Protein chains: 2
Amino acid sequence: MVARQTEIKPSVADDEFSFSPCPIRNVLDRIGDQWSLLVLEALEPQTLRFNALRRSIGDVSQHMLARTLKRLEQDGFVSRTLYPVIPPRVDYALTPLGRSLMVPLRDLMTWADRNHDAVCAARRAYRHTAS
Amino acid sequence: MVARQTEIKPSVADDEFSFSPCPIRNVLDRIGDQWSLLVLEALEPQTLRFNALRRSIGDVSQHMLARTLKRLEQDGFVSRTLYPVIPPRVDYALTPLGRSLMVPLRDLMTWADRNHDAVCAARRAYRHTAS
DNA sequence: CCGTATCCCAGAGGATACTG
DNA sequence: CAGTATCCTCTGGGATACGG
């Protein structure tokens, strides 16, 4: 998206989508935001209900958790199961697609863990040189 | 960051940093934006100058390319070499750290390529069900 | 309990103009 | 050539309030 939409786009109702022809963008636009990755991680070991998920992540607003879940569902990474009981109960779980995404994601997170210190060091070094 | 900064933060001058205690955030906040990944990809096979990089990527504004490069440099993923000639010449290249980051990133991009269709299909399916 | 609606702010990102 | 400065817009994301 982004790239020169320029013209009419008659007020798409939020849950509209914006296909990028570029596969990488389609994935990274989802992963890159603040919460998607945290949600996927929380759901990997177990199915969770909305509020359990919320507590598990910690400081996410319900507003953003709802949005994030909806988009993850749209993209087929997460499944949503509604039980028609009172009070309502909704289970979220990873789909096979979501589970397969976790594989490369795990590697990336492992890299981040291992190289976190190097990145911090680089940032400090930068402050010296570029006084 | 984000998490309840709440208080005073005396106008940090753009190139200031915001250490997240979470390694994943530090990496994803860099990777997740619009251009960082494209820049890293463009620099993987070869060192490039500013405008060559810009053409290579295509539609990035020079404003954002400059910002992106500065941050990638701060984090130690990209090196910047200035040759004091006229007109000025600046070379950008991947550092070893940046190169090592490309490994898990490649896997992620490969996944994205292979599963792009599945994601698009999921999005279309969603529109049906949730008419 | 599980959300949606509303309001608001900060930052991403484009366009254009200017400098060494 | 390689940026910086300025202005603008649009979306991410928090807070709060409301509805089923």
Side-chain angles (χ1 to χ4, degrees), chain A residues 1-7 9 11-18 20 25 28-39 48-55 57-73 78 80-92 130, chain B residues 1-7 9 11-18 25 28-39 48-73 78 80-92 130:
Chain A
M1 69 146 152
V2 149
R4 250 57 52 71
Q5 181 103 11
T6 333
E7 277 317 324
K9 178 193 165 195
S11 73
V12 274
D14 179 32
D15 57 346
E16 203 54 55
F17 42 171
S18 46
S20 163
R25 284 261 61 85
L28 279 183
D29 284 353
R30 198 66 39 228
I31 292 313
D33 66 39
Q34 187 80 209
W35 302 115
S36 293
L37 178 62
L38 283 308
V39 170
L48 284 175
R49 302 177 56 174
F50 188 89
N51 277 328
L53 194 44
R54 205 180 159 193
R55 279 189 300 273
I57 293 180
D59 57 352
V60 63
S61 66
Q62 72 180 133
H63 180 74
M64 281 318 295
L65 182 54
R67 280 176 73 102
T68 303
L69 282 168
K70 194 192 278 186
R71 287 191 294 220
L72 288 173
E73 191 196 352
V78 162
R80 178 178 183 277
T81 312
L82 166 67
Y83 298 92
V85 294
I86 294 180
R89 170 194 178 130
V90 182
D91 280 1
Y92 290 95
Chain B
M1 70 152 151
V2 149
R4 249 57 52 69
Q5 180 106 8
T6 336
E7 277 317 322
K9 179 191 164 198
S11 72
V12 274
D14 181 31
D15 58 347
E16 203 56 54
F17 43 168
S18 47
R25 284 261 62 83
L28 279 183
D29 284 353
R30 200 64 42 224
I31 294 311
D33 66 40
Q34 186 83 208
W35 302 115
S36 292
L37 179 63
L38 284 306
V39 170
L48 284 176
R49 302 177 56 175
F50 189 90
N51 277 328
L53 194 44
R54 206 182 159 191
R55 280 188 299 274
S56 165
I57 293 181
D59 56 352
V60 62
S61 67
Q62 70 180 134
H63 181 74
M64 282 316 296
L65 182 54
R67 281 176 73 101
T68 302
L69 281 169
K70 194 192 277 187
R71 287 193 293 221
L72 288 173
E73 191 196 352
V78 161
R80 179 178 182 276
T81 312
L82 167 66
Y83 299 93
V85 294
I86 294 179
R89 170 195 176 128
V90 180
D91 280 1
Y92 289 95

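Every chain is numbered from 1, with letters handed out A, B, ... down the list of sequences. Side chains are part of it too, since the values below use all heavy atoms of this structure and drop only hydrogens, waters and symmetry mates. Here the structure is a predicted model, which is why all the values come from computation and not from measurement.
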Would you say [X] reaches [N]'s phosphate, i.e. side-chain N/O to OP1/OP2 under 4.0 Å?
| X | N | value |
| --- | --- | --- |
| R89(A) | dC2(C) | no |
| R71(B) | dA12(C) | yes |
| R49(B) | dA2(D) | yes |
| R67(A) | dG12(D) | yes |
| K70(A) | dG3(C) | no |
| Q34(A) | dG13(D) | yes |

Separation of [X] atom [atom1] from [N] atom [atom2], in whole Å?
| X | N | atom1 | atom2 | result |
| --- | --- | --- | --- | --- |
| I57(B) | dG13(C) | CD1 | P | 12 Å |
| L48(B) | dA2(D) | CG | C1' | 14 Å |
| M64(A) | dA10(C) | CE | C1' | 14 Å |
| I86(B) | dA2(D) | CD1 | P | 14 Å |
| D33(B) | dG12(D) | CG | C1' | 14 Å |
| L53(B) | dA2(D) | CG | P | 10 Å |
| L37(A) | dG12(D) | CG | C1' | 16 Å |
| D29(A) | dG13(C) | CG | P | 9 Å |

> At under 4.0 Å between heavy atoms, what does R80(A) touch on the DNA or RNA strands: base, sugar-phosphate, or nothing?
Replying inline: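 If one applies the 4.0 Å heavy-atom cut-off, R80(A) turns out to touch the sugar-phosphate alone, with no base involved.
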
>> Over all strands shown, is Y92(B) touching base, sugar-phosphate only, or nothing at heavy-atom distances under 4.0 angstrom?
In response: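 Touches sugar-phosphate only.
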
> Just by modelled atom types, is the M64(B) backbone N or O under 3.5 Å from a matching donor or acceptor in the T68(B) side chain?
Replying inline: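 Yes; at least one donor-acceptor contact below 3.5 Å.
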
Would you indicate which nucleotide in [options] comes nearest to any side-chain atom of [X]?
| X | options | value |
| --- | --- | --- |
| H63(B) | dA2(D), dT6(D), dG12(D) | dT6(D) |
| P87(A) | dG13(D), dC1(C), dA15(C) | dC1(C) |
| A66(A) | dG3(C), dG14(C), dG20(C) | dG3(C) |
| Q62(A) | dG14(C), dG3(C), dG13(D) | dG3(C) |
| V90(A) | dA12(C), dA15(D), dG3(C) | dG3(C) |

> Quick one: bend of the helix from dG3(C)-dC18(D) to dG20(C)-dC1(D) from 5 pairs per end, to 10°?
Replying inline: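 End-to-end axis angle for the helix from dG3(C)-dC18(D) to dG20(C)-dC1(D): 30°, rounded to 10°.
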
> Only one of L69(A), T81(A), L53(A), L82(A) clears side chain to side chain contact (heavy atoms under 4.5 Å, CB included) with V90(A); which?
Replying inline: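 Testing each of L69(A), T81(A), L53(A), L82(A) against V90(A), the sole residue satisfying side chain to side chain contact (heavy atoms under 4.5 Å, CB included) is L82(A).
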
Can you tell me how far the [atom1] atom of [X] sits from the [atom2] atom of [Y], to the nearest 0.5 Å?
| X | Y | atom1 | atom2 | result |
| --- | --- | --- | --- | --- |
| R80(B) | K70(B) | CZ | NZ | 9.0 Å |
| L48(B) | D91(B) | CG | CG | 8.5 Å |
| Q62(A) | F50(A) | CD | CZ | 5.5 Å |
| S36(B) | D29(B) | OG | CG | 10.0 Å |
| D59(A) | L65(A) | CG | CG | 11.5 Å |

>> Closest-nucleotide mapping onto DNA chain D: is D91(B) or V60(A) further toward the 5' terminus? I mean the 5' end.
In response: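 So the residue in question is D91(B).
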
> Does I86(A) CD1 have over 12 foreign heavy atoms under 6.0 Å away?
Replying inline: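 12 or below, so no.
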
